[in-house]
There are 2 protein chains.
Amino acid sequence: MKRSFKTFVFSMNLPNAAIRDRILAAAESAFARQGYDAASMRQLTRHAGVNLAAVSYHFGGKESLYAAMVTRRLRSLNETRLNSLEQAEQEAGGRPVPLPRLIELLVRPVFELSQDEAHGGSHIIRILGRSLAEPLPFMDAVLATEFQPTMALFSQAVRRSVPQLSPEDFLWRLSFIVGAMQHTFAVLHRMSELTSGICRNDDREGALRRFIEFAVSAFSAPATLPVAGAS
Amino acid sequence: MKRSFKTFVFSMNLPNAAIRDRILAAAESAFARQGYDAASMRQLTRHAGVNLAAVSYHFGGKESLYAAMVTRRLRSLNETRLNSLEQAEQEAGGRPVPLPRLIELLVRPVFELSQDEAHGGSHIIRILGRSLAEPLPFMDAVLATEFQPTMALFSQAVRRSVPQLSPEDFLWRLSFIVGAMQHTFAVLHRMSELTSGICRNDDREGALRRFIEFAVSAFSAPATLPVAGAS
DNA sequence: GTCTATATCATGATAGAC
DNA sequence: GTCTATCATGATATAGAC
């Protein structure tokens, strides 16, 4: 059964894919620069060179577009992290994976995304950073679902490397470190400006190295003592 | 020259003050919960029990209201910090103020504000946290002006306590710690929920103690070495 | 000084032509 | 599948009555 070229192309959903991808790319740029509320779909679609109605057709609406955009990137990011964690744990045999290695597995993919200006990776990094600070109610479920497996496995692995920490101390420090990571990516593109040129925007390896050392020292500091007098 | 009671009251600007304050309180609540763009002045004024036009009259507009709200809190916060720093430096004679004390002087006022539910302090904390992640162009100048003196003096003091750090290492770590602080306040009201009850929302002293230890260990970790091979 | 009423504008969504 | 044209809504700002 012979098929025309046009039928073949449509069977690959290429036209849709092209439009969907142009929308996603424009969405990442717009939402990263302006935030969810301030970015408008008119701007966004105009910049993507597609019709306003295309968003409703392909994604369903503004919220669904935002969720799809985040989910796509987050899923790929977390797959990378889980794969490398699995590999590292196999290499370690039954012993705990060293803490610096764990941190690196967790954050290097994010730094690499943030370097990927060509494919919009730097945009999604800012968006993910914002997700933590500005809670969008419709994103709660999405974020919880996407982060849960990664967080569970890495927390488990980190706690094996730092067994002396109580769950409470561990979770507080984890929260501090997540905040440091989020903020780092939120301001990475302005570091030169914010530090009068002393820290450079494009010094990703330096930032990564410093962040790993920072997180390691934060996790391995001695456990806090209860307040004196608390029986 | 006898003045009526009404004239006397108006000469104190009491009605204005009451309205201004009601607007500011409602603004803090609305902006903290919804963010700048999503919060609307209709909601806000309705909740404050004042007329919509009162905002334009007393503040000039939405942006000016937001700026006034942030400035008022930030100024008082930074005054507290600078006063306590000055006092600590006098007590220390010429010697550097110990690092843990410096961190505490910097963050305790923020923790205390965040406890002050009655006067809306917890709202402004979330707003300040967001200011770092979601950049509002019209706030750049305000934030720079308000933070500059505090940041300059504390940076100087911290660097005296941790002289071994290069400016670059110091600024990267400062950025990490600022991020940790910002995130802590952004999620403090949800810590119980996020950690299945292990970390408690209302455990402000525990959070403060852990944060100080965290920041101290981050600042006093050995300076990073240049990458091997970089001449 | 304060508030009502309105002006003006931009948004997200969608019905219906092609 | 795609696009045009339009809808309904809610935004900020303000002119003018009191």
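Remember, predicted model here, so these are calculated numbers, not experimental data. Letters A, B, ... mirror the listed sequences (proteins, then strands); counts begin at 1.
Electrostatic pairing of B/Glu112 and B/Arg108 counts as a salt bridge here, judged by a charged N lying under 4.0 Å from a carboxylate O. The pair A/Arg210-A/Asp203 meets the salt-bridge criterion, with a side-chain N (NZ, NE, NH1 or NH2) lying under 4.0 Å from an Asp/Glu carboxylate O.
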With a 3.5 Å cut-off and sequence neighbours excluded, list the donor-acceptor pairs that the side chains of residues 68-77 of chain B form with protein atoms.
residue, atom, partner, partner atom, Å
B/Thr71, OG1, B/Ala67, O, 2.6
B/Arg72, NH2, B/Glu28, OE2, 3.1
B/Arg73, NE, B/Glu28, OE2, 2.8
B/Arg73, NH2, B/Glu28, OE1, 2.9
B/Arg73, NH2, B/His119, O, 2.6
B/Arg75, NE, B/Glu146, OE1, 3.4
B/Arg75, NE, B/Glu146, OE2, 3.4
B/Arg75, NH2, B/Glu146, OE2, 2.5

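In this structure, B/Tyr57 places its OH atom 17 Å from C1' of C/dT4, rounding to the nearest Å. We find that CZ of A/Arg46 is positioned 12 Å from P of C/dA10, with the value rounded to whole Å. As a whole-Å value, the separation of A/Gln43 CD from C/dA10 P is 11 Å. Atoms CG (B/Leu65) and P (D/dA11) sit 15 Å apart, rounded to a whole Å.
A cation-pi arrangement is present between B/Lys62 and B/Tyr36 under the rule of less than 6.0 angstrom and at most 45 degrees off the ring axis.
If you check the side chains of A/Arg159 and A/Ser155, you find no donor sitting under 3.5 Å from an acceptor.
Contact annotation: B/His58 reaches the phosphate of C/dT2 (side-chain N/O to OP1 or OP2, under 4.0 Å).
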Let me have a per-nucleotide readout for nucleotides 12-18 of chain C, 5' to 3', with B, S or -, counting only protein heavy atoms under 4.0 Å.
BBB----

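The CG atom of A/Leu65 sits 6.5 Å away from atom CG of A/Leu24, with the distance rounded to the nearest 0.5 Å.
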